[in-house]
Structures are given as C-alpha cells and as structure tokens.
Amino acid sequence: MDCIFCKIIVGEIPAEKVYSDEEIIAFKDINPQAPCHILIIPKRHIDGADVLKSDDAELTGKLILAAARIARQFHLESGYRIVTNIGKDGGQTVRHLHFHLLGGEKLKDSF
Ligand code: AMP
Ligand code: ZN
C-alpha cells in the first residue's frame with residue numbers, strides 16, 4: 001500500500017485523531033496552515049473529488065457533515081473554511097480524498 005492516508009487509517013503511521021467512525025476519520029494536519037487545521041477523510045480509498053461516483057454521494061455528504069461537527073467541537077463559531085484540492089494544478093499532494101478544515105483566525109483570501 002503506497003498511500004500515506006491509508007497507512008494512517010490502519011495505524012501504520014501515527015496521527016493525532018480527533019474523530020473516527022465506521023466510514024470516516026479526521027486528524028490534525030502535520031503542517032498546519034491555520035491554528036485549527038484538520039483533515040477529514042474517508043476510510044475507503046478514493047483518489048480525489050474528481051473521481052467521485054454517484055454512489056459516493058452519501059459518503060461525501062457525511063464528510064462535510066463531519067467537518068461541520070468537528071468545527072463546532074473546536075469552537076470555530078466565527079467561521080472556517082472547508083477545502084479540497086484536486087490534482088497537480090489544484091495543489092493535491094496526497095492522492096486520497098480529503099477535506100481540509102481550516103479556522104481559528106481570520107483566514108486570508110485564498111483566490
Ligand atoms: P493536499 O496538499 O491538499 O493534498 O493536502 C495534504 C495534506 O496532508 C497537507 O496539508 C499535509 O500537511 C498533510 N499531511 C501529509 N502527511 C501527513 C501526515 N502524516 N499526518 C498529517 N497530515 C499530513
Ligand atoms: Zn489511501
């Protein structure tokens with residue numbers, strides 16, 4: 001298995017987990033770009049948002065719901081950002097679908 005996030009899922013690589021259920025885990029980003037930077041990922045390997053299928057719609061919704069719930073848990077009431085990068089030009093460095101949850105300060109405009 002070559003995927004770093006799949007290794008985190010099976011516990012081969014440590015991560016600071018903040019949430020886990022049957023389908024999803026969330027953990028702190030190793031190189032935080034904001035005071036709160038958490039990655040929310042499906043346990044089933046999916047390359048990225050570009051290859052989601054209609055069968056993945058419910059799982060995708062659950063990932064966003066988990067992000068919003070974690071944001072409440074981390075008291076990001078004043079706002080936050082949920083981001084997913086896709087492919088080389090989109091800045092995706094880990095080819096396993098993940099949503100970044102960023103907050104804890106006024107975020108800079110991203111584009
Ligand atoms: P992206 O560049 O959108 O693909 O995001 C990948 C993210 O994964 C980056 O923000 C990295 O800092 C983060 N990352 C890479 N390796 C690890 C790891 N072992 N534990 C936690 N976060 C990681
Ligand atoms: Zn993977």
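Sequential numbering from 1 along the given sequence is applied to the chain's residues. In each ligand, atom 1 is the first atom listed, and ligand 1 is the first ligand listed.
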task: Take atom CD of E58 as the centre, draw a 6.0 Å sphere, and report whether it contains more than 12 heavy atoms from other residues, nucleotides or ligands.
output: no
- prompt: Going by an N to O cut-off under 4.0 Å, is there a salt bridge joining R95 and D50?
  reply: yes
- prompt: Taking all non-hydrogen atoms of both residues, which atom of P14 and which atom of I8 are closest, and how far apart?
  reply: O-CG1, 4.5 Å
message: One residue to check: F5. Relative to ligand 1, which of side chain, backbone, both or neither has a non-hydrogen atom less than 4.0 Å away?
response: side chain
task: Using modelled atom types only, decide if a donor and an acceptor are shared between the side chain of D56 and the backbone of L59 within a distance under 3.5 Å.
output: no
- request: List every atom of ligand 1 that sits less than 4.0 Å from any heavy atom of Q92, numbering the atoms from 1 in the order shown and giving each element.
  value: 4 (O)
task: Report yes or no: does T84 have a heavy atom closer than 4.0 Å to ligand 1?
output: no
message: Under a 4.0 Å threshold between the charged nitrogen and the carboxylate oxygen, would E23 count as salt-bridged to R44?
response: no
Proximity to ligand 1 by part of K28, non-hydrogen separation under 4.0 Å: backbone
task: Could you tell me whether a side-chain N or O of Q33 sits under 3.5 Å from a main-chain N or O of N31, the two making a donor and an acceptor?
output: yes
- request: Run through the protein N/O/S atoms less than 2.8 Å from the Zn ion (ligand 2) and write them out by chain and number.
  value: C3 SG, C6 SG, H45 ND1, H96 ND1
- line: E16 meets the salt bridge (charged side-chain N to carboxylate O under 4.0 Å, His left out) criterion, sequence neighbours left out, with K28
query: So between I13, D29, V83, L39, whose heavy atom ends up nearest atom 9 (C) of ligand 1?
result: D29
query: With respect to atom 16 (N) of ligand 1, which of T93, I4, N85 exhibits the smallest heavy-atom separation?
result: I4
task: Determine yes or no for a side-chain-to-main-chain donor-acceptor pair under 3.5 angstrom, with Q92 supplying the side chain and V94 the backbone.
output: yes
- prompt: Would R95 count as a contact of ligand 1 if the rule is a heavy atom under 4.0 Å away?
  reply: no
- request: Determine, using heavy atoms of E16 and all atoms of ligand 1, whether some pair is separated by less than 4.0 Å.
  value: no
task: For L39 and F99, run side-chain contact (heavy atoms from CB on, under 4.5 Å): C-alpha distance rounded to whole Å, both residues' side-chain angles, the deciding distance at 0.1 Å, then the answer.
output: CA-CA 6 Å; L39 302 172; F99 290 93; over 6 Å; no
- prompt: Which option, V94, I8, I30, owns the non-hydrogen atom nearest atom 22 (N) of ligand 1?
  reply: I30
task: State if H98 counts as touching ligand 1 under the rule of any non-hydrogen atom under 4.0 Å.
output: yes
query: Applying the side chain to side chain contact (heavy atoms under 4.5 Å, CB included) test to H100, which of I82, N85, I38, I40 qualifies?
result: N85
task: Using a strict 4.0 Å cut-off to heavy atoms of N31, name the atoms of ligand 1 that fall inside it.
output: 12 (O)
- prompt: Heavy atoms, side chains only, cut-off 4.5 Å: are H75 and C36 in contact?
  reply: no
query: Does G91 have a non-hydrogen atom less than 4.0 Å from ligand 1?
result: yes
message: For a 4.5 angstrom cut-off between non-hydrogen side-chain atoms, does C6 reach H96?
response: yes
